[in-house]
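Remember, it's a predicted structure, so these values are computed and weren't measured experimentally. Lettering follows sequence order; numbering is per chain, from 1.
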There are 2 protein chains.
Amino acid sequence: MALNTLGEKTIQTDGCCQTDGCCGPTQILGMAVESAENLAQLFKAISSPVRVQMLDILSRHGGDVCVCDIESQFDLSQPTISHHLGVLRKAGLIQSEQRGLWAFYFVRPDALAQVSGWLAGLAAKQA
Amino acid sequence: MALNTLGEKTIQTDGCCQTDGCCGPTQILGMAVESAENLAQLFKAISSPVRVQMLDILSRHGGDVCVCDIESQFDLSQPTISHHLGVLRKAGLIQSEQRGLWAFYFVRPDALAQVSGWLAGLAAKQA
DNA sequence: CATCTAAATCGAAGTTTGTCAATATGGTTT
DNA sequence: AAACCATATTGACAAACTTCGATTTAGATG
């Protein structure tokens, strides 16, 4: 159990361990580094105003949206739009489908739910 | 309404407008740029593995956590820890309280709920 | 087949981020 | 008051990100 220099407990152990020696201060890190990296990567993918708006557009529309229509909503070059869509796609948050000359994008609700769920869990643990 | 060069509708208008001319293609962007920037800033604050783990630690523990105990969970210098905590604090996701020599941090569930809520809304809109 | 079009990729410039050593700040102990 | 301790701030540097112009790719059209 972690003690500060006053000898006070600075981390309360929960349920499983009420006594010293049961589980040390390392216990307060309950998340695998790997999970943290996966989650951080998802958050990083959303962490741009452009990509937030892209997700908004795609979700607001029930189905597929043509890249050309996304492009027209921003004052950005075509390569930049393509880059941002690529970031969201590589993160697994959206998916694309080629139909003829056009590419259509749509959100992957499962991926969004995963991120949303983790955040909801954080807030919920706060009694 | 957006048409591709085949003359096909590439964006379906929803409920409010079924005919051309009611609301143009600009309608598909339903979010204020300002909101997008605010949300993106919150996501950016979470978009690092270190800060994801910090949020996990703080939420896993019901109350305040001393900085010294957070520090001991990472193989990072003290200034770096302080920097990451500062990013989360400036974003409004966590809050700190000075008690004597020590600083204690805790999460702000309302801020987490805001982000989580937006994401849940995105996923929900997908019928 | 030559041309056109939509989207992706490449390469480069400018900006932001992550990290640490050094230092500053503000409270505590002797 | 002098020394000490925990945390924050500053300054510097490397890595990553954003953006664009130029080019490439792949499908459609004449």
Side-chain angles (χ1 to χ4, degrees), chain A residues 2-8 10-11 25 33 36-37 40-54 58 64-91 94-106, chain B residues 2-8 10-11 25 33 36-37 40-54 58 64-91 94-106:
Chain A
L3 302 179
N4 61 28
T5 45
L6 285 181
E8 300 165 341
T10 54
I11 292 281
V33 176
E37 280 169 356
Q41 198 164 359
L42 290 171
F43 283 117
K44 185 172 293 182
I46 318 178
S47 71
S48 134
V50 173
R51 296 196 291 267
V52 164
Q53 288 188 84
M54 283 176 167
L58 292 179
D64 309 349
V65 182
C66 177
V67 168
C68 64
D69 286 316
I70 298 172
E71 227 174 292
S72 68
Q73 304 300 308
F74 297 93
D75 193 20
L76 291 171
S77 71
Q78 178 267 321
T80 299
I81 298 289
S82 190
H83 162 72
H84 285 297
L85 287 172
V87 170
L88 289 171
R89 178 165 34 81
K90 279 158 195 157
I94 66 177
Q95 204 173 332
S96 73
E97 192 184 301
Q98 199 79 21
R99 289 209 286 273
L101 275 179
W102 299 279
F104 293 83
Y105 277 81
F106 51 96
Chain B
L3 302 180
N4 60 28
T5 45
L6 285 182
E8 299 165 342
T10 55
I11 292 282
V33 177
E37 280 169 356
Q41 199 162 359
L42 290 172
F43 284 116
K44 186 173 295 185
I46 318 178
S47 71
S48 133
V50 172
R51 296 196 289 271
V52 163
Q53 288 189 84
M54 283 176 166
L58 292 178
D64 309 348
V65 181
C66 177
V67 169
C68 62
D69 286 316
I70 300 172
E71 226 173 295
S72 67
Q73 305 300 309
F74 297 94
D75 192 21
L76 290 170
S77 72
Q78 178 269 319
T80 299
I81 298 289
S82 191
H83 161 71
H84 285 297
L85 287 171
V87 170
L88 289 171
R89 178 166 33 79
K90 280 160 194 155
I94 66 177
Q95 205 173 333
S96 73
E97 193 184 301
Q98 200 79 21
R99 289 208 288 273
L101 275 179
W102 299 278
F104 293 83
Y105 277 81
F106 50 96

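- Here the P atom of nucleotide D/dG27 and the CZ atom of A/F104 are 15 Å apart, to the nearest Å.
- To the nearest angstrom, P of C/dG18 lies 13 Å from CZ of B/F74.
- The distance from atom CD1 of B/I81 to atom C1' of D/dT9 is 16 Å, rounded to the nearest whole Å.
- Using a 4.0 Å heavy-atom criterion, one finds that B/Q98 contacts no nucleic acid atom at all.
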**Fill in**
Expected string for nucleotides 10-19 of chain D under the B/S/- scheme (protein heavy atoms, under 4.0 Å, primed atoms plus P, OP1, OP2 as sugar-phosphate) is -------SSB
For residues 75-89 of chain B, which side-chain N or O atoms pair as donor and acceptor with protein atoms under 3.5 Å away, sequence neighbours left out?
unit_1	atom_1	unit_2	atom_2	d
B/S77	OG	B/T80	N	3.3
B/S77	OG	B/T80	OG1	2.9
B/H84	ND1	B/R51	NH1	2.9
B/R89	NE	B/Y105	OH	3.2

What's touching nucleotides 11-13 of chain C from the protein side, N or O pairs under 3.5 Å?
none

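- With rounding to whole Å, A/D64 atom CG is found 16 Å from C/dA7 atom C1'.
- Here A/C66 contributes atom SG and A/E71 contributes atom CD; the two are 8.5 Å apart, rounded to the nearest 0.5 Å.
- Distance OG/A/S48 to CD/B/Q41: 12.5 Å, rounded to 0.5 Å.
- In this structure, CG in A/L58 is found 12.5 Å from CZ in A/F104, a value given to the nearest 0.5 Å.
- One interatomic measurement links the two molecules: CG of A/D69 to C1' of C/dA6, which rounds to 12 Å at whole-angstrom precision.
- Picking from C/dA7, D/dC5, C/dA8 the nucleotide with the shortest atom distance to the side chain of B/L101 gives D/dC5.
- Qualifying side-chain contact (heavy atoms from CB on, under 4.5 Å) partners for A/Q95, counting only residues two or more places apart in sequence or in other chains: A/F106, A/R108.
- Between A/Y105 and C/dA8 there is a side-chain polar atom (N or O) within less than 4.0 angstrom of OP1 or OP2.
- Across all their heavy atoms, A/A91 and A/A45 have their closest contact at CB-CB, 3.5 Å.
- A/E97 has its CD atom 14 Å from the P atom of C/dA7, to the nearest Å.
- Shown here for B/A36 and A/Q53, the closest heavy-atom pair between the two residues is CB-CG, 3.4 Å.
- B/R99 is listed as a side-chain neighbour of B/D64, based on a closest heavy-atom distance under 4.5 Å.
- A donor-acceptor contact under 3.5 angstrom links the side-chain atoms of B/Q78 to the base of D/dA8.
- For A/Q98, the side-chain contact (heavy atoms from CB on, under 4.5 Å) criterion is met by A/A103, not counting sequence neighbours.
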